[in-house]
Amino acid sequence: MSHNIKILPGATVCEDCTLEGDITIGGGTVIHPRVTIIAEGGPIIIAEYCLFEEYSTIIHKKSDKQENPPKPLFIGAHNVFEVGCKLESPCGHIGESNVFECRSFVGVDVKIGSGCVIGAACSLNAPQTLADNTVIWGSEHHNREALEKQPSQMLQLDFLSKVMPNYHRLRKPNVHKRQTSRQSQEPIKA
Amino acid sequence: MAYLTQPDYVKYVCSCGQLKPITNLYFCRHCLQIRCAFCICHEVDSHYCANCLENMPSSEARLKKNRCSSCFDCPSCFHTLSTRATLAQPRQSTEQGSGDTKVENKQPKKMYYLSCFNCRWTSRDVGIPDQPVASGGWPERANPYATRVNQLLDYYKAIAQQEKQEKLDRERKKFAIRGKYITLTDKTGLTGAMARNIAGLPSSESSSSAIASFTPSQASEEVEELPEEFYTKELNLNQITSMPQRLASPEWQPTHVSRLHPIAKLLSVKRSQRCRVCDHNLTKPEYNPGSIKFKIELLAFYHVPEVKIISYEPIKPGCTSALLLKLTNPTGHEMQIRLMQPEDIPEPEERVDEPKSIEKSLEKSLNLEKDTSWYETVKRKPILLTECRITIPDVTLTLAQRDDAAEYDDDATHDANDIILWRKSNKLALRLQVVTSGEAQAGAAAGAVLALQYRYRNAVPPAAQPPRDHTLHAALRLHLGPVCG
């Protein structure tokens, strides 16, 4: 497996986290320590201003009917992955401004739109597609539709990106321009 | 012993016959009886909001329909709503457009809305405008049936008033001293009310306008037809409210999520408990809603020896198994305990020997034939028959008083023998034998019963008297798992 982690400038990625495979981390994203992101079934692309809290796990699972070249998992901007949540990545795409609350679980074959909230300890296993602004909460997995997207966590992200360097070793951004194509960056770091 | 998430393995028998864990029981120091929530009198001490801890006198609480005026519950998931602040764009305030706000337009203005952290419902979802102040000022929705409800209230109030008046009249008539002179009505046996009745007039002053003008509601057989769209339109369950959501606001019963409205938070009450037999307080909380302390706290946990199961051998039909129990003396006085079978507990005799002070008899006379019929209906015989029988050793155990400093001493007295396993300050472990009858069904729950006879020193009331020792009894039922095959 190729270890090819691209961190764009402005991202705050702690050293004490497990990143495996082909991962691109967008600017402004904050990754706390003890986060696990494993791209075994294909590359993972994380857009800007996402927040990964401690013990959140993102896995792009290998599947039998894998396309070649493997399809990337794209995680949109402003997603929040709270402490201990797990995303066993589905096919492809996660919208933006979603909140995965503490210890939530999203299984394979779940498509997630934008502005969704997976409540604390909720687990989604069955194949399904969440429409935009769906909110799921409670032990009985009640759901409802929110009127608007969840407010972004910009203040929190700003604060973390300022404070985090004081207390944690960080991985340095290794891609300096967004425009540079992926191929040219590949040999830089392994 | 009671556990939060596990079943109660040891249950005590309350004086009313209910089986409860010791932590749910009270101990009346005046009757010297175990009481439980089922057989005592619960009284409301004060109303308060559990969210903002604001105290409210009961008259005000009634006026506000037992709801807090500043706290709200989520209409979607019933969690408490939180107030969130946002900075409103200046553009918005120009739209609202008044001359005064133009000066403030330069700085963004803080606006507040309600939001639920559980299901992420916000007051914006249903179009409630943001408020410029953090608390209060939320628009209240008028009850569409307010006039009818008030009408009904007035009507029933008037009826209650009338009945009260009639009762008073009757009382007065009973005790009315006949005057010297015989009035005309007395002579003819005609009362004023009767005379009015005969004359076809409405009966005297008691009937008020509220009763006269009241129109009872009519049930009709015709019901509106369902609109066509119920059959044709596709249903979006996300737009429809659930039954609990509708029932949470009975005045409006919104059928559509867009009509949900924050629910004013229901008030909580602080309760005090009173023994129904002697009318003494068993618990009395402190008035301040923020405080969780009690002024009076007569819990069985502080007065009755506690029994815990340490371990036991599996219960088999026709076999004898060992049972290890721990006894704890929670009181500040030495305690003698004897174990016995529950059926050997002597029937409590009427305590007639008690000296009756003037005060007490006065209290009695004030109570005007205290109604004790409730006790007969409440009381029941506990089911204490089990297939397991504990062999009771004929010993008197002495338990030292509770001493919080004792855990630092380690000179444990070693008087261990066949029965006493170990002893440590106010605790002591016992080894007992449980004989199970051969008829016990495998798989059924095994329970054993045990009674304690203990010397209890009543130190507190009344202060002038020297502390008196009493011999009290407590029966309890031990849950010993299933019977093994």
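All of these numbers come straight from a predicted model, not from anything done at the bench. Here is the naming used below: chain letters follow the sequence lines, and residue numbers restart at 1 for every chain.
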More than 12 heavy atoms from other groups under 6.0 Å of [atom1] on [X]:
{"X": "B/R67", "atom1": "CZ", "value": "yes"}
{"X": "A/R171", "atom1": "CZ", "value": "yes"}
{"X": "A/Y49", "atom1": "OH", "value": "no"}
{"X": "B/L235", "atom1": "CG", "value": "yes"}
{"X": "B/R62", "atom1": "CZ", "value": "no"}
{"X": "B/F72", "atom1": "CZ", "value": "yes"}
{"X": "B/F78", "atom1": "CZ", "value": "yes"}

For residues 154-169 of chain A against chain B, heavy atoms under 4.5 Å, the residues are none
Calculate, to the nearest 0.5 Å, the distance between atoms [atom1] and [atom2] belonging to [X] and [Y] respectively.
{"X": "B/T122", "Y": "A/Q150", "atom1": "OG1", "atom2": "CD", "answer": "8.5 Å"}
{"X": "B/S258", "Y": "A/L147", "atom1": "OG", "atom2": "CG", "answer": "10.0 Å"}
{"X": "A/H142", "Y": "B/S76", "atom1": "NE2", "atom2": "OG", "answer": "8.5 Å"}

So salt bridge (Lys or Arg N to Asp or Glu O under 4.0 Å) across residues 118-146 of chain A, not counting sequence neighbours, yields A/R144-B/D125
Practice item. Start with the C-alpha distance between B/R120 and A/E101, add both sets of side-chain angles, then the distance that settles salt bridge (Lys or Arg N to Asp or Glu O under 4.0 Å), and finish with yes or no. Key: CA-CA 12 Å; B/R120 311 249 171 182; A/E101 286 186 7; 2.6 Å; yes
Honestly, the part of B/R84 sitting under 4.5 Å from a heavy atom of chain A is side chain
